[in-house]
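To keep things clear, I will list the structure first and then write my remarks on it.
We count residues from 1, following the sequence as given. Note: hydrogens, waters and symmetry copies are ignored here, and every other heavy atom, side chains too, is used.
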Amino acid sequence: MNVLQDRWIPVRTQENQHIRVTLPDFYAHAHEYKAIETENLFDEFSLARFLALFAHCAYEPKDESAIQQMAETGHFPMEPIHRYIDLCKSEGVTFELFDKKRPFLQAIPDDSLDTEKVLSPISKMDYIYAYGNTPIHRSTHFQEDYAFHVEDCPIKLLSQYVYSRHKAGGYETTPAGTPTFFLPNAENLFQTILFSMPPVNKDREGTKEFWRSPQAGPEEIVPRRIVPIPSLRYGMIFPCRRIVFLPPEEDGLVHRCYYQPGISAKTLADKQILWKDDFVAINCGEKEEKLFNLAYNSDNLTILNRFFSNQIQLPPCISRYAAYLKRKGIQHIPAIAYVTATNQADYLGIQKIALQLRPAIYQDENAFLFLQYIVSFVGDSFKMLNESMLTVLPYNWRIKSYLLQYREEMVGLFIKQADSFEEQSLGLDELMHRLPALYETIQKRSIETFDRAMRELNASLFNLQPIERERKKLRSKLESFRKKRLQKEGLETST
């Protein structure tokens with residue numbers, strides 16, 4: 001299996017055909033491809049991250065403007081790709097997946113480290129068919145029978161280096177951790193990979209990318225060895241697992257590999273994030289910065305609440321794409337978020353969320369504060385509505401449908417307000433003058449939702465007095481809450 005000659009990268013063309021292509025062919029025709037199309041989302045993001053790093057190493061863009069200039073060409077020029085491949089070959093990189101001395105994207109085989117004790121079924125590398133003893137995992141018979149097609153092996157390796165869990169087996173994960181990762185949701189894969197490609201950063205130079213590193217001395221992949229904060233090139237695809245494939249068996253499939261902890265890097269100190277990742281947003285709190293995460297299975301209102309809980313520094317890959325679209329007169333930035341559900345050691349699921357981001361809102365402090373007030377008020381109003389409805393009716397899917405409808409109505413109200421900022425920029429006083437009427441609208445929608453649900457959910461079977469009593473209680477709580485919020489925000493409660 002040679003990643004330069006064999007077709008292993010799965011893509012969807014603009015003509016909606018699913019094909020596999022070689023590594024050089026990917027860059028030659030990236031503008032003709034619509035999306036990466038792997039069997040799961042762990043693989044999808046990990047492969048995109050690798051392709052962005054490979055492009056960074058080949059083109060070495062000196063700054064953000066160099067990336068923007070490349071964007072205007074509409075395709076990847078191939079000469080730098082071929083030069084970089086020749087450089088790798090001159091240093092002994094084989095690009096062969098099962099080379100006995102230097103297998104691509106794997107640790108250099110070492111009999112003293114790769115022993116029978118760490119020989120594992122290949123299923124250990126697949127997050128969808130997890131490996132272990134908990135009820136969510138497959139049987140041991142399945143683990144032994146499971147195998148990879150040769151062309152899938154490079155993709156599975158990349159997933160291990162990007163998505164390995166903290167604490168799994170007692171060792172660390174990648175420098176980025178496992179936050180919500182983002183990608184531009186561009187028109188084609190040329191744009192997606194181009195804007196995901198970081199520029200050269202002299203402050204982050206050092207160790208060469210993993211597949212070029214000789215893995216000797218300080219670069220040796222010794223299980224559980226602690227290393228300094230890695231360079232940009234080494235950290236994007238970081239060998240936090242020591243993996244060596246066994247060759248395909250008689251059936252042509254790969255069944256086993258040597259699998260054990262790899263190296264790890266300390267990435268947090270004094271509440272500072274030491275590893276800056278181009279695919280990760282930062283939550284800029286008052287006291288410290290944190291990696292930004294969306295919650296698994298979130299609805300739109302929950303997503304808005306996450307984005308407006310604090311000022312968010314958007315991922316550099318999204319900011320690059322936003323700068324490009326802004327020059328085209330486009331304000332809304334299509335993006336993809338990869339959101340995971342985890343326990344301490346394992347993944348329970350992964351979700352892909354399509355977003356329309358508005359960087360201008362984060363650049364306008366007045367607009368951000370105003371929208372933050374709305375999201376916060378809606379969240380608290382929903383809690384009161386939810387409590388009142390469950391007081392008089394048992395929770396079921398029909399109750400849930402009314403609550404979900406309310407939440408989507410509130411998202412629509414939010415979007416309408418956000419749209420108004422694109423028409424004209426308003427001062428803080430003008431924005432705050434809108435709040436009393438908006439709070440009143442939210443309050444009325446809450447009562448209307450309660451009334452509609454009580455009327456349509458066979459409420460006549462119940463004693464109507466408790467329902468009316470709860471309705472008055474809800475109205476009183478909402479009104480009291482509205483007045484307190486207006487007082488807190490320095491606005492007249494009589495409005």
Side-chain angles (χ1 to χ4, degrees), residues 9-12 33-53 55 125-130 152 154-166 168 173-186 188-189 191-198 235-238 240-241 267 273 275-283 290-300 302-307 312-322 333-343 345-357:
I9 300 175
V11 296
R12 172 83 41 192
Y33 305 143
K34 186 160 52 175
I36 292 170
E37 198 168 71
T38 55
E39 69 173 0
N40 67 66
L41 297 176
F42 296 109
D43 295 346
E44 179 178 295
F45 174 76
S46 302
L47 179 53
R49 188 179 176 96
F50 165 76
L51 293 168
L53 175 57
M125 290 180 56
D126 197 307
Y127 294 120
I128 300 301
Y129 304 108
D152 290 327
I155 302 172
K156 300 301 182 183
L157 280 168
L158 294 169
S159 291
Q160 286 295 312
Y161 301 142
V162 174
Y163 273 106
S164 288
R165 286 288 294 143
H166 175 66
T173 182
T174 62
T178 51
T180 296
F181 288 115
F182 291 83
L183 279 180
N185 191 5
N188 55 58
L189 283 179
Q191 291 183 352
T192 297
I193 299 304
L194 175 70
F195 294 118
S196 299
M197 175 180 69
M236 275 185 67
I237 299 295
F238 184 76
C240 56
R241 300 292 180 267
T267 56
I273 301 171
W275 168 263
K276 303 295 184 180
D277 197 276
D278 268 46
F279 303 86
V280 174
I282 302 297
N283 195 331
K290 294 182 178 180
L291 299 178
F292 175 76
N293 280 298
L294 292 175
Y296 189 76
N297 275 343
S298 296
D299 67 359
N300 289 332
T302 303
I303 292 172
L304 283 177
N305 187 58
R306 288 292 179 106
F307 271 104
I312 303 298
Q313 180 182 322
L314 294 176
C317 65
I318 301 301
S319 297
R320 280 183 216 111
Y321 189 40
I333 314 305
I336 294 171
Y338 295 86
V339 185
T340 56
T342 65
N343 58 22
D346 295 306
Y347 284 97
L348 307 178
I350 186 168
Q351 183 181 19
K352 182 177 178 179
I353 301 176
L355 302 168
Q356 289 283 342
L357 301 178

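Counting only heavy atoms from C-beta outward, the side chains of L47 and P10 approach each other to under 4.5 Å. A heavy-atom distance below 4.5 Å is not found between the side chains of I36 and T192. At a threshold of 4.5 Å between non-hydrogen side-chain atoms, the residues I318 and P184 count as touching. With a 4.5 Å cut-off on side-chain heavy atoms, M125 and R241 do not count as touching. With a 4.5 Å cut-off on side-chain heavy atoms, S46 and Q160 do not count as touching. At a threshold of 4.5 Å between non-hydrogen side-chain atoms, the residues I353 and T180 do not count as touching.
Taken to the nearest 0.5 Å, the CD1 atom of I9 stands 7.0 Å off from the CZ atom of F50. Atoms CD1 and CD, on I333 and Q356 in that order, are 8.5 Å from each other to the nearest 0.5 Å. Within the model, atoms CZ of R306 and CD1 of I312 stand 10.0 Å from one another, a figure rounded to the nearest 0.5 Å. The CG atom of L314 lies 9.0 Å from the CZ atom of F292; values are rounded to the nearest 0.5 Å. How far CG of D277 is from CG of L291: 8.5 Å, rounded to the nearest 0.5 Å. L183 CG to R49 CZ: the interatomic distance, rounded to the nearest 0.5 Å, is 9.5 Å.
With F279 as the fixed residue, the ring pair (Phe, Tyr, Trp, His ring centres under 6.0 Å) test singles out one of F181, F45, Y338, F182: F45. Of the residues V11, I155, D152, the one that meets the side-chain contact (heavy atoms from CB on, under 4.5 Å) test with T38 is I155.
A donor-acceptor distance shorter than 3.5 angstrom exists from the side chain of R320 to the backbone of F195, with no hydrogens or angles considered. Q351 places no side-chain N or O within 3.5 Å of a backbone atom of V339 that could act as its donor or acceptor partner. Counting only distance, with no hydrogens or angles, the side chain of Q313 and the backbone of I282 share no donor-acceptor pair below 3.5 Å.
Residues T302 and N305 bring no donor and acceptor atom of their side chains to less than 3.5 Å of each other.
Closest of all the heavy-atom pairs between S196 and P198 is O-CD, 3.3 Å. Scanning both residues, A281 and P315, for their nearest heavy atoms gives N-CG, 3.6 Å.
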Audit row: V162, I237, side-chain contact (heavy atoms from CB on, under 4.5 Å) steps and yes/no | CA-CA 7 Å; V162 174; I237 299 295; 4.0 Å; yes

Would you please test L294 and F307 for side-chain contact (heavy atoms from CB on, under 4.5 Å) and show each step?
-> CA-CA 8 Å; L294 292 175; F307 271 104; 3.9 Å; yes

CA sep, side-chain torsions, deciding dist, call: L51, L189, side-chain contact (heavy atoms from CB on, under 4.5 Å) = CA-CA 10 Å; L51 293 168; L189 283 179; over 6 Å; no

